[in-house]
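Notes to accompany the following structure.
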Amino acid sequence: MTQTSSPFRVVHTVCSHDCPDSCAVLVTVDAEGRAVIVQGDPAHPVTQGFLCGKVAKYLDRVYSPERLLYPQRRKAGVAKGPLARGREHEAFERVSWDEALDGIAARLTRIAAAHGPESILPYSYAGTMGLLGYGSMDRRFFARLGASQLDRTICSEAGGDAWLTVYRRKSATPPEDFRLSKLIVAWGANIHGNNVHLWPMVDEARRKGARLVVIDPYRTRTAALADQHIAIRPGTDAALALGMIHVILNEGLEDRAYLAEMTTGINQLTERAQEYTPERVAAWTGMRAAAVEQLAREYATTTPTAIRLNYGVQRVENGGAAVRAIVMLPAITGAWRTRGGGAQLSTSGGFKWNSKALEMPELAEASPLGCLGRMVNMCQLGWALNNLGRGQGSEVREQETSREGPPVEALIVYNSNPVAVAPNQNAVCKGLRREGFFTVVHEQFFNDTTDYADYVLPATTFLEQTDIQGSYGHYFVQLSQQAIAPLGEARSNVWFFSQLAQHIGFTEPCFQQTTDELIGQALDTGKDGFSKNPGMEHIRLEDLERKGHIPLAFHREPETRPFLPFSSGPVPTPSGKVELFSAALAASGHDPLPAFVPPVESRWSPQASRFPLEFLPRKADNYMNSTFANLDGHRRMETSTSGRLEMHPDDAAARSIAEGDAVLVFNDRGEVALVAKINPALPKGVVASKLDWAKLSTGGANVNTLTSERLTDLGAGATFYSTLVDVVRLDQNSV
Ligand code: SF4
């Protein structure tokens with residue numbers, strides 16, 4: 001999609017940041033090859049021609065004077081640990097890519113020989129959502145090496161697994177159809193902040209009379225704009241959803257025809273829901289019983305009703321059960337049957353990429369292990385770096401790591417900033433500071449994690465590489481074409497791992513494949529160029545090159561043949577029905593029905609006697625997890641809550657804390673110094689602060705100093721929002 005008749009070219013790219021919107025981004029490039037404009041593609045039905053505030057100024061990021069432009073190696077004798085911002089380069093010396101690759105390959109070879117290849121651990125997540133950048137050549141490299149595998153559960157696994165237990169396929173109401181809804185429930189979903197391309201649909205629905213109800217402990221931008229904000233206590237979502245089910249079933253508001261035809265397990269669920277009277281639910285959530293009843297009635301008697309559920313809900317100990325209970329609601333009321341009804345957690349199940357061809361796990365057969373390495377959960381990085389392979393059991397180890405194996409001796413980081421985003425930050429930093437530990441970071445900027453690196457390698461942005469991408473918030477396949485040459489010596493993940501494989505001596509031809517070949521493998525294209533993946537058979541690379549985006553097969557004619565997931569059978573579960581009772585969960589020792597179990601870290605637990613406040617380490621609207629937090633323009637948009645601890649007035653008064661006081665937030669894992677901000681919209685007993693870079697925070701610690709490595713009930717995910725703390729005014733000096 002390139003215009004050649006003017007000195008400017010317009011190139012179709014895709015925003016690769018970890019966001020459901022996966023925007024189509026048109027990049028205008030001048031005759032010198034410099035990107036001069038980024039804008040949303042008006043032809044994309046979800047992007048609709050605009051970008052969020054984070055990416056609208058993307059060229060500030062691409063051309064930032066702080067971009068990493070060449071490989072660097074830690075100078076001999078420079079200790080690992082926090083480096084002053086802007087002076088990080090003083091700890092490193094410039095090396096060529098060949099020197100870096102040779103040095104890294106030699107060190108990894110020595111570590112693997114001494115401790116076994118499983119002592120090498122990759123660490124990555126969705127710093128780029130492009131398929132190739134997210135997981136292709138890197139997976140091949142680590143499989144062939146015999147390295148530990150990373151269980152990538154930090155973001156969405158609890159909710160994803162929970163959804164699958166009920167529906168077995170991650171399908172969802174298309175975003176475009178929310179404009180037809182009469183009631184939209186944003187459940188833990190800050191649509192205006194983090195899913196802003198759904199907002200025009202919500203806006204259109206509201207102009208036609210729909211109501212927007214937000215369920216969220218925090219008064220987000222979306223909550224402030226809603227018709228109703230229900231601020232429940234953190235981690236009590238399962239109780240509320242079960243209370244709604246109780247009311248709906250007790251008052252006969254369910255869709256009996258849908259339940260009979262499409263579901264299994266309603267009798268068991270009815271019995272379970274009897275425990276969740278509005279009064280009990282009110283006691284857990286902090287709502288009034290009448291409000292629980294009113295919400296349930298409004299939900300069940302409005303048509304169509306759509307729930308936009310987002311992943312914050314499931315980052316609590318009880319998160320899997322919460323998502324299970326919430327996503328059963330549209331089955332109980334039959335909301336799936338009507339266009340504009342249903343629910344959306346993720347649309348990713350629509351994309352049937354050939355990930356096996358991309359990742360080639362069979363390469364592990366040629367590794368010294370002869371099989372794939374052990375699995376290490378990324379939410380337990382701190383524990384893994386310090387304890388794994390040392391015969392030290394812990395409450396976290398038995399849950400997730402697949403086998404003991406050797407200690408971790410090397411960490412290869414890309415697409416992630418674990419020092420900032422992984423729970424239990426002090427444990428992560430301690431592990432990275434271990435004598436002789438080897439860390440490589442492939443990044444765009446110096447950040448919290450590069451402060452611990454032996455090698456820092458420059459990475460490309462999505463403007464500087466080609467990739468193919470799906471979405472977890474819409475149903476379009478998109479090609480992201482390289483718009484500009486990589487800045488300096490920045491290189492893509494694909495290039496880096498291809499080169500590292502060759503420098504370490506892997507001779508398989510798959511390590512020399514090109515980006516186009518990898519895209520062909522993702523699409524599983526044959527000689528005719530058409531995709532062979534189910535539902536994507538109409539997609540050809542040359543059409544993507546021309547159009548930029550192509551809808552999935554079931555979404556090609558939305559007006560005449562709308563996609564209504566789960567409106568008719570069969571459902572791809574073992575029973576062929578929507579499973580309200582899960583025999584599979586029962587067989588694996590889990591509760592087959594959703595239940596509210598108060599988190600170990602919550603106001604109901606014994607620990608609350610020492611740390612009585614529930615802590616919300618929330619995400620910023622203008623950052624993407626830790627990405628963008630180093631850019632002045634983005635920081636300015638977050639000024640009102642940066643470095644602040646938001647407190648209910650009663651909690652502040654009980655501690656003699658006033659607006660603007662310096663406070664210390666603490667628990668057994670660590671402490672963070674912040675400034676108090678009184679916020680009466682928070683539930684009493686809840687405090688909130690925002691994820692920021694540790695090195696940009698007072699005292700060099702961010703909110704993850706306080707969070708735990710405990711895992712969710714399903715999916716072994718992170719439990720950021722099940723965190724207990726206490727707070728003192730700093731001048732009390734009483735910790
Ligand atoms: S961050 Fe999300 S909303 Fe912003 S441009 Fe990227 S995909 Fe679009």
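Atoms within each ligand, like the ligands themselves, are counted from 1 in listed order.
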*So which of Q478, Q469, H474 actually passes side-chain hydrogen bond (donor to acceptor under 3.5 Å, both in side chains) with S22?*
Q469

*What's the shortest distance from atom 4 (Fe) of ligand 1 to any protein heavy atom, and which residue and atom give it?*
C52 SG, 2.2 Å

*What is the closest protein heavy atom to atom 6 (Fe) of ligand 1, and at what distance does it sit?*
C15 SG, 2.3 Å

*Answer yes or no as to whether an N/O/S atom of C19 is found below 2.8 Å from atom 2 (Fe) of ligand 1.*
yes

*Who gets closest to atom 7 (S) of ligand 1 by heavy atom: A24, G53, C23, S16?*
C23

*Do the side-chain N and O atoms of R540 and T525 include a donor-acceptor pair separated by under 3.5 angstrom?*
no

What are the atoms of ligand 1, with element, lying closer than 4.0 Å to any heavy atom of [X]?
X: V55; answer: 1 (S), 4 (Fe), 5 (S), 6 (Fe)
X: S22; answer: 7 (S)
X: M624; answer: 1 (S)

*Is there side-chain contact between N630 and W693, with at least one heavy-atom pair below 4.5 Å?*
yes

*Answer yes or no: is there a side-chain heavy-atom contact under 4.5 Å between Y721 and P217?*
no

*Would you say the ring centroid of Y167 lies under 6.0 angstrom from that of W336?*
yes

*asked:* Does the Lys NZ or Arg CZ of R139 fall within the cation-pi geometry relative to Y134 - under 6.0 Å from the ring centre and within 45° of the axis?
replied: yes

*Is the distance from atom 8 (Fe) of ligand 1 to the nearest N/O/S atom of H197 under 2.8 Å?*
no

